[in-house]
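Read through the structure below, which is laid out as structure tokens, and then see the notes.
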Amino acid sequence: MQAALDTGLAVLDLLNIELISQPPENLQVETIYHLPEMTDPEKLAAVRILIFIFPAAFLAKPELYPTLVCTVMQLSLNYGNSPLSANAYAAHGLISCGFFHQIELGYQFGQLALQLVEKYPTPIKCRVVNLFNAFIRHWKDSVQPALPILRQNVQLARESGDLEYAGFSSFEYCCRIWFVQDSLVTANEEIKNYLNFVASIKQEWQLFAIKIWAQFALNLTGKAAVKVQQLTGEQLDETEIIPVWESTSNLSLLFFAYLAKTMLSYTFKDYDSALDSAETGAKYAIAAASHLLWCQHCLFHSLTHLALYPTASPDSQTEYLKTVDANQQQMQMWATHAPVNFQHKYDLVEAEKARVLGQIVTAMALYDQAISGASSSGYIQEEALAWELAAEFYLSLGREEIARTYMSKAHYTYRRWGATAKVEDLETRYPQLISRWANAGGSFSLGSNFTTSTGSSSGEAIDLTSVLKASQAIASEIHLDKLLAGLMTILIENAGAQKGFLILSHQGDLLLEIWGEADTAGIQVYRDLPLNSGNMVNGAIVNYVARTKEDVVLGDASNEGIFTAAPYIKSNQSKSVLCAPILNQGQLTGILYLENNLTSGAFTPKRLEILKILSAQAAVSLENALLYSTLEQKVQERTGQLAAANQEIQTLNKMLQAENLRMSAELDVTRRLQQMILPKEAELSQIPGLEIAGFMEPAAEVGGDYYDILQQDGKVKIGIGDVTGHGLESGMLMIMAQMAVRTLLKNNVTDPVQFLSVLNGAIYDNVARMNTDKNMTLSLLDYADGTFTLSGQHEEVILLRHGGIVECVDTIDLGFPVGLDADITDFLSQTQISLAPGEVLVLYTDGITEAENKAGVQYGLARLCEVLSQSWQLSAQEIQTQVIADLRNHIGEQTVYDDITLVVIKQK
């Protein structure tokens, strides 16, 4: 590539073309589109040479690439658009996005280039399409729409005779599908096809670029030749090829290789190797500017630093956070333009950052945001990673039950993706967190209630996805007739049975509800037959299962087992028989009976496990359907005709309206109680040494804000808190907290840690009794002689020093949400705050900082601090008035969705 670049530059010199390093000024997209067509033969030749050395410059000497692009643009402005100029405008879009972070401008130039190749039909259309979809589109759009276009562009380039770009588009497609494709196995098959194609057209750079990601995907699926972190196997041997790329300065291939090594090392928790690879790859990152994989480098570079942070020295920790913050600044900017591609990445890094900084509640929310974002955007690998990191976070807190849920999700998502090596890695590292069926590598282990006389063990793998789809199909049906028919069909299909019977328990009696039979026309389903009709079912086996609630599996019922003498077995010469109870909360709901008299050993243990999973869902669905059926019957009995049904609906509507009025009245009472228990102005004025102004305005639905100032035997206790959610439960929890604080103060509990610990225990017990998931942030201040002792976790405490200087005291390490855990003692701490005369302490709830105007813009902490800084010399009441007035001005006519609480305390 360097030789091609040198030759092209020499020819340009002969044509007296001066290279320009800065883009032309005052570029207007509309003006450029309407430029006349270039006719000067020498300038047309120069543009052609410049365009065709673009790829060589980008890959071998990326610092020269912008200069070549600017030169073509200047020639086009001076002499008109060449049919090839569109390539330069697309390249300018790449540079704007990747080098200068001008996303909107870059996207506009990408769109301009696409318009021009339609205006001037040209063989380089494939180049423009590749540039836009490989380097520009992802800054604004989802990755998925680019995939079919890149596939089509391979064919377009072949038809245009541009084998170089047929290879480039092949690479761009292959380097994307592995992390947005639901199946790595499918991705690997597609990549193999493109490898064969690129090899056939003899495009060496593109071939090796694809091989990097082919080997990466093979390693994840358990096909690494040596260590999983090493790109050595069927497609590559990194120990041989990386030195070659280093000797030839093949920067882009080196970047991709070290990125793949970084991701593999991080994924398999070799963090030191991940950091080495990430730092090495960073030296070559300029060669991938504006490429989607450049963003992956930022993501894993940050995650690696945060993984190493807890064991690093203080100096290294500082440097690590600086690196992470720099990467996150870029990621946040990208997320504002294309949240579908970057928001979940930003959230995941922020979650890990919150974890290492001890910001527990923040981390909890961010992990869930990252999981949700990755899932909805189709990034299955990053969804699995987010589940895994969240599980490890909860495990570090000692919350094994929560960790087990998240790790099982990670395990399942990695398995769904096809990352077999990673699945096995999780099973080895966290056997205690992964459920037994998941840990069986996709097979399901049997429970203890399993009786079998014979049967084969085929060793077939169970398709978990099919099982889940079948389970969902069962769960989604509430009409009994449709459920029974669908259930019978699903059970026969998944068991490999000839015929099947579903027997339901009605007040202790067993009734044959439905049966199905597989024939050449499919599975036929019949209803309403008595259990003993026509000797259709082996009653001895059914009664045995009903009595013992055990599974019976017979591989050759006529010759083995305890039922060989049964009349039914003798007369039918039964072979494979399966009979299993359907249990719901330990109670017999029904019995499943299946037969296959064509073959012995048809019902293997694995097939039984599938049926047990489906039967568990069937038990719940049957109960719901029976209840629904009963309700339908009652409605029919009571209505009789449509007119009566309409009357019933009207009656229900009236009841609902009455219920709404009742709930509204309850909320109104709670709102009034909330106001009634607030401290009165006369109480505030009696606090010696302090000037206090408090403000609390409930939202339309009670939000659960709380503040109080109490004085007892010369002690002053100030509290502020906020209950999660809205409504009656939140208001009640706030009232409980106020009562608990007052009671503990009355009983002379003075130690802040003990105070919060006892209060939390009381609130936790009440929350459990209410059967709600509500909890609250709560900070308490004890005041004496100009000094405050602060404890508990809530929003920042804002201090206004002389001259309007603002300080924020973070409370994240001073406590834990109240009511979330039975014992929060280990999380509790305290700190001292001193105020000089005239200085101010401000408490607030997030109803202020998160208040939005109609444009969705939040008021924010920065604006609150700015208003406070400008008002510090005013009285406490005047400061409060200034803040609330500015807040109302910001909100405008927007509905207020959360309580607004502000407490201003000024030292006299």
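Along the sequence shown, residues carry numbers from 1. If you're wondering where the values come from, they're calculated on a predicted model, not measured in any experiment.
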May I ask you to check whether [X] and [Y] show a side-chain donor-acceptor distance below 3.5 Å?
X	Y	result
Thr845	Asp705	yes
Asn341	His138	no
Asp899	Tyr706	no
Trp334	Gln330	no
Gln793	Ser779	no
Gln877	Gln880	yes
Gln328	Glu350	yes
His337	Glu104	yes

**Message:** So, using side chain to side chain contact (heavy atoms under 4.5 Å, CB included) as the criterion, who are the partners of Gln870 when residues are at least two apart?
**Reply:**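 Glu866.
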**Request:** With sequence neighbours left out, write down each residue that passes side chain to side chain contact (heavy atoms under 4.5 Å, CB included) with Leu357, or none if nothing qualifies.
**Result:**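 Counting only residues at least two positions away or on another chain, Leu357 forms a side chain to side chain contact (heavy atoms under 4.5 Å, CB included) with Tyr309, Leu321, Lys353, Gln359.
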Below 4.5 Å, heavy atoms only, C-beta onward: do [X] and [Y] meet side chain to side chain?
X	Y	value
Ile763	Leu778	no
Ile103	Met333	yes
Val758	Val749	no
Val349	Met331	no

Look only at the side chain of [X] and the backbone of [Y], and say whether a donor-acceptor pair between them is shorter than 3.5 Å.
X	Y	answer
Ser377	Val340	yes
Asn853	Ile891	no
Lys746	Gln712	no
Glu383	Gly378	no
Ser875	Glu878	yes
Ser757	Val753	no
Ser375	Ser372	no
His794	Leu780	no
His802	Pro837	yes
His297	Leu293	no

**Request:** For Gln296 and Met263, work out which heavy atoms get closest and say how close.
**Result:**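 Gln296 and Met263 have their closest heavy atoms at NE2-CE, 3.9 Å.
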**side chain to side chain contact (heavy atoms under 4.5 Å, CB included) between Phe393 and Leu366, intermediate numbers included** = CA-CA 12 Å; Phe393 161 72; Leu366 286 166; over 6 Å; no
**Prompt:** Quick one: which of Leu395, Leu433, Asp368, Leu389 gives a side-chain contact (heavy atoms from CB on, under 4.5 Å) with Tyr406?
**Reply:**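 Only one of Leu395, Leu433, Asp368, Leu389 forms a side-chain contact (heavy atoms from CB on, under 4.5 Å) with Tyr406, namely Asp368.
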**Partners passing salt bridge (Lys or Arg N to Asp or Glu O under 4.0 Å) against Lys717 (at least two apart in sequence or in another chain)** =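 Listed in chain order: Asp782.
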**Request:** Could you give me the CA-CA distance, side-chain angles and deciding distance for Phe755 and Leu828, then say whether side chain to side chain contact (heavy atoms under 4.5 Å, CB included) is met?
**Result:** CA-CA 10 Å; Phe755 196 103; Leu828 299 175; over 6 Å; no
**Asked** Would Glu795 and Asp846 count as a side chain to side chain contact (heavy atoms under 4.5 Å, CB included) if you check the C-alpha gap in whole Å, the side-chain angles of each, and the deciding distance to 0.1 Å?
**Response** CA-CA 7 Å; Glu795 306 295 331; Asp846 62 7; 3.6 Å; yes
**Message:** Within this structure, what is the OG-CG distance for the pair Ser829 and Leu790, rounded to the nearest 0.5 Å?
**Reply:**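 Going from OG on Ser829 over to CG on Leu790, the span is 9.5 Å.
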**Request:** Look at the rings of Phe300 and Tyr266 and say which category their plane angle falls in: under 30° parallel, 30 to 60° tilted, over 60° perpendicular.
**Result:**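 Because their plane-to-plane angle is over 60°, the rings of Phe300 and Tyr266 count as perpendicular.
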**Request:** Under the side chain to side chain contact (heavy atoms under 4.5 Å, CB included) rule, what do Gln882 and Ile879 come out as? Steps first, then yes or no, please.
**Result:** CA-CA 5 Å; Gln882 289 281 93; Ile879 294 172; 5.7 Å; no
